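I have placed the structure first, in the form of structure tokens, so that the comments after it can refer back to it.
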Amino acid sequence: MDFFDALDKRRSVRAFTDKAVDAQSVKKIIDSVMLAPSAGGLQAYKIYLVRDKANLDALGFAAYGQECVPAASIALVFTADQKRSAAKYEERGFEFYSIQDATIAAAYSQLAATALGLASVWVGGFDPLEVSRLVKAGEYEVPVAIIPIGHPAESPERTPRRSLKSIVKEV
Ligand SMILES: Cc1cc2nc3c(=O)[nH]c(=O)nc-3n(C[C@H](O)[C@H](O)[C@H](O)COP(=O)(O)O)c2cc1C
């Protein structure tokens, strides 16, 4: 799929079929994430691959019962590795770059999934302590996003966008 087609086709999809995401696609998504920019090239994030049904259920529970999580074939949990970035960038790395590294990585995963004909949704509404506990995240790791991924069982319309005028300002 052309890059701009992937941008255009991506939607937040919250219903998935039972079909599993194959291992090759999982690898392609993760390989794509590895290409994302990161502060100082440090890749100050971690990715937890959740595939086990009971763990997906528990993750959904940690996301306040959002059904798109257990409905997916897999979920990727992105955490910011604050210490890794802080080792080079101190406070700025700890508070800011690590979060950005993890955020960009998660965004790449959604675009890669779309390009593979898969669907995903960004889940940011969750109990961070519970998610950390579930994935056994280390100290100074902040969960940034849960990205459930699967074969789409719905085709949502594009959601509205703000006008360019309200967002872009030439200075
Ligand atoms: C930071 C962030 C947090 C979000 N959290 C949730 C969430 O917890 N649950 C959910 O269903 N969608 C969540 N979304 C998805 C948005 O609702 C969605 O991206 C937005 O409505 C635009 O629709 P689109 O993704 O189809 O373009 C989140 C998106 C972002 C970027």
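Everything numeric in this text was worked out from a predicted model, so none of it was measured.
- Surrounding NZ of Lys53 are more than 12 heavy atoms belonging to other residues, nucleotides or ligands, all under 6.0 Å away.
- For the atom pair CD of Gln66 and CG of Leu59, the computed distance is 10.5 Å after rounding to the nearest 0.5 Å.
- With rounding to the nearest 0.5 angstrom, the OG1 atom of Thr114 is 9.0 Å from the CG atom of Leu7.
- Listed for the Glu154 side chain is a donor-acceptor partner under 3.5 Å among the backbone atoms of Arg14.
- For Phe61, the CZ atom sits in a loose shell: 12 or fewer heavy atoms of surrounding residues, nucleotides or ligands are nearer than 6.0 Å.
- Cluster annotation: Val121 is not connected to Ile149 through the hydrophobic network of ILVMFWY side chains, with a link wherever side-chain heavy atoms come within less than 4.5 Å.
- Formation of a donor-acceptor pair under 3.5 Å by the Tyr64 side chain with backbone atoms of Phe126 is found in this model.
- Judged by distance alone, the side chain of Lys83 and the main-chain N or O of Glu141 form no donor-acceptor pair under 3.5 Å.
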Test side chain to side chain contact (heavy atoms under 4.5 Å, CB included) applied to Val33 and Tyr45, step by step:
CA-CA 11 Å; Val33 167; Tyr45 56 84; 3.8 Å; yes
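- Ring to ring, Phe94 and Tyr140 are close: their centroids are under 6.0 angstrom apart.
- Both Trp122 and Leu49 belong to a single network of hydrophobic side chains, linked directly or stepwise wherever heavy atoms of I, L, V, M, F, W or Y lie under 4.5 Å apart.
- Connection of Ile30 to Leu116 is established within a shared hydrophobic cluster, with ILVMFWY side chains joined at heavy-atom distances below 4.5 Å, either directly or through further cluster members.
- Side chains of Tyr108 and Gln110: a donor-acceptor N/O pair is absent below 3.5 angstrom, by distance only.
- Asp101 contributes no side-chain N or O that, together with a main-chain N or O of Ala80, makes up a donor-acceptor pair within less than 3.5 Å.
- Atoms CG and OH, on Leu42 and Tyr89 in that order, are 5.5 Å from each other to the nearest 0.5 Å.
- The environment of Leu164 atom CG is sparse: at most 12 non-hydrogen atoms of other residues, nucleotides or ligands sit within 6.0 angstrom.
- Within a 6.0 Å radius of CG in Asp18, other residues, nucleotides and ligands contribute 12 heavy atoms or fewer.
- Judged by distance alone, the side chain of Ser73 and the main-chain N or O of Gly150 form no donor-acceptor pair under 3.5 Å.
- A donor-acceptor contact shorter than 3.5 Å links the side chain of Arg161 to the backbone of Thr159.
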Could you go through Arg133 and Glu130, starting from their C-alpha distance and side-chain angles, then the distance that decides it, and tell me whether this counts as side chain to side chain contact (heavy atoms under 4.5 Å, CB included)?
CA-CA 5 Å; Arg133 194 188 62 77; Glu130 194 53 27; 2.7 Å; yes
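- One hydrophobic cluster, built from ILVMFWY side chains closer than 4.5 Å, holds both Leu56 and Tyr48.
- Of all heavy-atom pairs between Ala119 and Pro152, the closest is CB-CB, 3.7 Å.
- Note on Ile74: it clusters hydrophobically with Ile147, by side-chain heavy-atom contacts below 4.5 Å among ILVMFWY residues.
- Nearest heavy atoms, Asp22 versus Ser25: OD1-N, 2.8 Å.
- Within 6.0 Å of the CE atom in Met34, the count of heavy atoms belonging to other residues, nucleotides or ligands does not exceed 12.
- In terms of modelled atom types and a separation under 3.5 Å, the side chain of His151 and the main chain of Leu118 share no donor-acceptor contact.
- With rounding to the nearest 0.5 Å, the separation of CD1 in Ile104 from CD1 in Ile99 is 12.0 Å.
- Counting only distance, with no hydrogens or angles, the side chain of Ser98 and the backbone of Ser85 share no donor-acceptor pair below 3.5 Å.
- Put simply, CD on Glu95 and CD on Gln100 are 12.0 Å apart, with the number rounded to the nearest 0.5 Å.
- In this structure, Thr17 and Ala153 approach most closely via the heavy-atom pair N-CB, 3.7 Å.
- Leu76 CG to Ser120 OG: the interatomic distance, rounded to the nearest 0.5 Å, is 9.0 Å.
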